[in-house]
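Here is the structure we will look at, set down as structure tokens.
Sequence lines set the chain letters: A, B, ... in the order given, protein chains first and strands last, and positions in each chain run from 1.
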Amino acid sequence: MIAKKEIDRILSGYDRKDLKVAALCSHSALQLFYGARLEGLKTVGICKKKNRARYDAFPLAKPGEYVFVDRYEDAGEVAEKLAEENAIFIPHGSAVEYIGEKIGSMRLPFFGNRRVLLWEADRRKMLEWLGEAGCSMPESYAPGRIRKPSIVKFPGARGGRGYFVVSSQEEFEAKSGAMLKAGAITESDVRNAVIQEYLTGVRVYPHYFYTPFAKDGFKCAEGRLEMLGLDKRMESNVDEIYRPMSVGLKVEPSYTVVGNSPVIMRESLLDDVLEVGKRVVESSFRLFGGIYGPFCVEMIIDENFRLKVFEVSARIVAGTNIYPRGSQYSCYIFGDEGGMGTGRRIAREIKVAAQKNALQKIVY
Amino acid sequence: MIAKKEIDRILSGYDRKDLKVAALCSHSALQLFYGARLEGLKTVGICKKKNRARYDAFPLAKPGEYVFVDRYEDAGEVAEKLAEENAIFIPHGSAVEYIGEKIGSMRLPFFGNRRVLLWEADRRKMLEWLGEAGCSMPESYAPGRIRKPSIVKFPGARGGRGYFVVSSQEEFEAKSGAMLKAGAITESDVRNAVIQEYLTGVRVYPHYFYTPFAKDGFKCAEGRLEMLGLDKRMESNVDEIYRPMSVGLKVEPSYTVVGNSPVIMRESLLDDVLEVGKRVVESSFRLFGGIYGPFCVEMIIDENFRLKVFEVSARIVAGTNIYPRGSQYSCYIFGDEGGMGTGRRIAREIKVAAQKNALQKIVY
Amino acid sequence: MIAKKEIDRILSGYDRKDLKVAALCSHSALQLFYGARLEGLKTVGICKKKNRARYDAFPLAKPGEYVFVDRYEDAGEVAEKLAEENAIFIPHGSAVEYIGEKIGSMRLPFFGNRRVLLWEADRRKMLEWLGEAGCSMPESYAPGRIRKPSIVKFPGARGGRGYFVVSSQEEFEAKSGAMLKAGAITESDVRNAVIQEYLTGVRVYPHYFYTPFAKDGFKCAEGRLEMLGLDKRMESNVDEIYRPMSVGLKVEPSYTVVGNSPVIMRESLLDDVLEVGKRVVESSFRLFGGIYGPFCVEMIIDENFRLKVFEVSARIVAGTNIYPRGSQYSCYIFGDEGGMGTGRRIAREIKVAAQKNALQKIVY
């Protein structure tokens, strides 16, 4: 991973009055470009030619300029050019997935603490982090010791795709054995599978934002934690599987995230939701220098109002795309005018940091 | 219950140009404070110390000042102090639940007709009211005469928690017998259980507001009925129970309301929805002097577009928290600017009443 | 069907500076009137007396004037009067359904290409259109050749009402036989049933708008294609059927659309969604002179991110009623101020066309 001081060196050459927001053209890029425009920042999209039309389709959310690449994993090749243009890169979920390991060495300032991406990418480290945060979590099992119905996530499975449920050790062995035989997974995948107790309740995905620059609000680490919104993921096919079930058709559930819908939660639950976010931030300081900007903690609310945390996304999540104009929660912090979506919030944070000459604090 | 003329006496001492909106810090308080602020009214939050951070987290939705109590059931102790500050108390669902019977004697002007809370708190009176309104309702059964699959609500069960479904008299006896044995309920609970035919369809929760001060719109009693929004409750675990079901896991459904999601309904259904609201208001005048301000009628829409009403919440409901900036329906009445959430609507009503020197009409 | 040049002749007598938006008081009329008002156009509602209160309930979304009819199928009787007042009729789904075949001969300019209504009304023509567009579709079966679980739509079934699922040829014969016996359908209905492979995944309903007047954006035919929003239909009882299922109650699913809820989709799926919309527009030019204005393509997203198209609604859909103030997508094209709902978009298009003296292009 590129050294923080190397990024600070690059950043020291930036013209703070002419910053650009850079993002891979995917995931939440429309929102990021739209939000940056509302804040008066320029934007640049790292784009594959065939995806350009998707952004041109939305004139107020397309990047001010495109930089084209053949493959997103080669995004590093345009880093130098972007750094010359004072660009700050926003690492969203698709950037993490498509650029892969190379993301660590990209010679371009990233919004947030780049180290966090390592902790997010490795599910075992992620669980270690959530444990350090003291979150209430589902039980985890080693692959040979499943004792309850469990959800199985092999290392390659992303965004819910490829997850499956087993009700016992035997079922796990039968299913993983068949996948091994078919070449869909390797022995190493089996050893490194994350296997978590299957929880019942309803899933919610709060959108947090940590800023070191504001103090009024929910105190957290050296700054404040903001709750900017809440969503629920829509997974295909499981989130409509009751339809075939109701006519007696047997369908294997799959968990591919294909969209999101808005939701709010009981006001009294906010205490615990804010507390979870705070713990995740504060433990991130103990473990790896902190998390700055947006993140999401995936959780289930059970019938006794208990929150169980099963994942953390340590960057902007696609569920925030519901709220480019702000949410039911962000208006309570930023008011109504224009609305404060997470994309805009990031641009605002960059602007504030630049004004305070403190970009190096929130950039790595 | 404190006499109306006693409240009117307190109110007569109020400075109408310096009113405050008071609420218990729970349920829909963020929205109430936010809305009052938009209308230029001061706010005061009755709060337990440990809940304060939840409100401080949202600087534009926190109360202008806090009055701390140890237990919400002691809220009455701060009534005098609040009355000295010209406070009008907004009784939301948590206030009704936490303060309990003492709510009737609180020496503080309440927004709306306080008598309505008695009719809401007692499920049998509530069903009497809905019957008087001529609403189409599910069949009700006495505990010994269940003839169809039914939902059972014991007196203590609130917000969906503790509800359960039985498919026959035998199942009711087995389940309630086990609960009696376990000490979870009493014989009196069994006798006073509300048992309603189990309905199929989809649930919707329209947010109504009755005002005596406006005439243009949907005529109702001496004023107009407004439809300010619509939501759907999210209950844990039942609203994701298809997920474990799809992998063959058997899970007992529970009905704890943990959140809400936005929804709209077919335009032609509005005729009946408005009619139901009107009947509920007009019957409230016949029964107990009327209902002023926000309320919700819980209903199911079946596959033949028939509405079946199963409950009424005679005050602001938490589903309105989806729309602090207004909804798809409120913009048709109040336009887009800033948006008219139910919290703001209440503050607006107080302002209008104060201007007309008619607070005593909408306050008890 | 009335000739295009006859409509053009009527239109040539219109005062382009004093146009009115006319709609049947149903379906999406609130949104249409509200949007027209935002654009400064006058409005007229064709209304049955008993539905008037529904519109009066929303002072900013009620028509400027009403023209009353006894039955909506007689809407043609007021065409002449409306044409004298420079009215342009917006044919929404209820207009198509209630006015029926007579809609073709109404002597009143319609927004959009009236020919499209023929292609939409006849399910076989609709499937021909989607095929010509090259959309990926579920397999279709003739009534005697069902080979997979399928959904059956008889000619009279509308808005999901009356649809049913069969898992085999035998089940189809049993069910349709029983319906024939009961007189619910005719032999001709059976012969003309549309029978489509039952798909699993999640349903989404993108709201498209095709304009010939703008070029910046997603290029399509001679103009651009806009994506204005996305919804999910709420069908009674199927979309809550997991609730009775979870307590072991057996309920026959029904598919009556009673409402809609907001949703967004994974950003990378927009490529295919925009492409589907473009193909539907461009094939409409090859088949019948084009589609102008709003339309929706009903689709399912499976667990491999594949879109399968099963219907097209060639006019404003009721799901757009979620977004009278604009959506998460429309703000990326039109910005935030006031919001650009589909109703307003239609009014805007009429205004732009009038300014360009090109109404005949988007009116038939």
Side-chain angles (χ1 to χ4, degrees), chain A residues 149 164-167 198-204 214 216-219 224-227 230 232 235 237-245 251-253 255 261-271 274-275 278 300-305 325-329 331-337 339, chain B residues 25-31 33-34 37-38 50-51 53-62 92 94 159-162 231 234-249 251-262 318-319 321-326 337-339 341:
Chain A
F164 62 92
V165 175
V166 296
S167 54
Y198 188 89
L199 298 175
T200 57
V202 298
R203 298 155 301 144
V204 291
D216 61 318
F218 191 78
K219 285 184 202 345
R224 82 168 176 200
L225 181 72
E226 299 164 2
M227 166 135 180
L230 192 69
K232 189 158 186 171
E235 298 174 356
N237 59 18
V238 73
D239 281 322
E240 294 207 357
I241 203 162
Y242 53 86
R243 294 170 68 103
M245 284 169 72
V251 173
E252 190 72 20
Y255 303 88
S261 59
V263 73
I264 60 157
M265 63 168 66
R266 210 177 170 96
E267 194 156 300
S268 55
L269 289 166
L270 288 174
D271 287 352
L274 288 164
E275 183 65 24
K278 179 180 178 153
I300 276 175
I301 308 175
D302 78 9
E303 70 271 25
N304 295 310
F305 304 119
R325 304 196 289 170
S327 81
Q328 297 88 348
Y329 296 100
C331 67
Y332 293 155
I333 306 177
F334 295 98
D336 188 52
E337 237 163 301
Chain B
C25 285
S26 188
H27 192 271
S28 50
L30 287 166
Q31 188 201 159
F33 299 140
Y34 178 75
R37 173 185 296 259
L38 289 177
K50 65 168 188 163
N51 296 143
R54 188 202 304 167
Y55 294 87
D56 285 343
F58 300 99
L60 303 181
K62 72 178 181 188
H92 51 49
S94 299
R161 223 181 161 192
D231 81 287
M234 179 171 69
E235 298 174 356
S236 181
N237 60 21
V238 73
D239 282 321
E240 294 207 357
I241 203 163
Y242 54 85
R243 294 170 68 104
M245 285 168 72
S246 75
V247 288
L249 300 179
V251 173
E252 190 72 19
S254 52
Y255 304 88
T256 307
V257 180
V258 295
N260 305 79
S261 59
N321 290 339
I322 303 173
Y323 306 115
R325 304 197 287 170
E337 238 163 302

Whatever's closer than 4.5 Å to a heavy atom in chain B on A/R203 counts as both

Please tell me if the side chains of B/S254 and B/V238 come closer than 4.5 Å, counting only heavy atoms from C-beta onward. no

The interface call for B/R243 against chain A, heavy-atom contacts under 4.5 Å, is both

Looking only at B/N321, B/D239, B/V251, the option with the highest number of non-hydrogen pairs under 4.5 Å against chain A is B/N321

Of the listed A/R224, A/K232, A/M227, the one with the largest count of heavy-atom pairs under 4.5 Å with chain B is A/K232

side-chain contact (heavy atoms from CB on, under 4.5 Å) test vs A/R266 passes for just one of A/L270, A/L269, A/I264, namely A/L269

In terms of heavy-atom pairs under 4.5 Å with chain B, the winner among A/G339, A/S167, A/G326 is A/G326

Highest number of heavy-atom pairs under 4.5 Å with chain B among A/Y255, A/F218, A/Y332, A/Y242 belongs to A/Y332

Query raised in the report: Would you say the side chain of B/R54 lies within less than 4.5 Å of the side chain of A/S268, judging by non-hydrogen atoms?
Result: yes

B/V257 vs B/R161 side-chain heavy atoms within contact, under 4.5 Å:
no

The interface call for A/E235 against chain B, heavy-atom contacts under 4.5 Å, is side chain

If one checks every heavy atom of B/Y55 against chain A at 4.5 Å, the contacting part turns out to be side chain

Bottom line for B/I322: the part with an atom under 4.5 Å from chain A's heavy atoms is both

Heaviest contributor of heavy-atom pairs below 4.5 Å to chain A, chosen from B/A61, B/S94, B/A53, B/P244, is B/P244

Answer key: most heavy-atom pairs under 4.5 Å with chain A among B/S236, B/S26, B/G319, B/S28 is B/S236

Okay, A/S261 and chain B: the region with an atom under 4.5 Å from a heavy atom over there is neither

So, the part of A/L274 with a heavy atom under 4.5 Å from chain B: the answer is side chain

Honestly, the part of A/V204 sitting under 4.5 Å from a heavy atom of chain B is side chain

With heavy-atom distances below 4.5 Å as the criterion, would you say the side chains of B/Q31 and A/E267 are in contact?
no

field: Residue pair A/D271, B/N51: steps toward the side-chain contact (heavy atoms from CB on, under 4.5 Å) verdict
entry: CA-CA 7 Å; A/D271 287 352; B/N51 296 143; 2.8 Å; yes

Review point. Would you find a donor on one side and an acceptor on the other, under 3.5 Å apart, between the side chain of A/N237 and the backbone of A/E252?
Key: yes

Value for CZ (A/F334) from CG (B/L60), rounded to nearest 0.5 Å, stands at 9.0 Å

Would you please classify the geometry between the A/Y329 ring and the B/F58 ring as parallel, tilted or perpendicular, with 30° and 60° separating the classes? tilted

One should read off an interatomic distance between A/T200 OG1 and B/M245 CE, to the nearest 0.5 angstrom, of 13.0 Å

So, the part of A/K219 with a heavy atom under 4.5 Å from chain B: the answer is neither

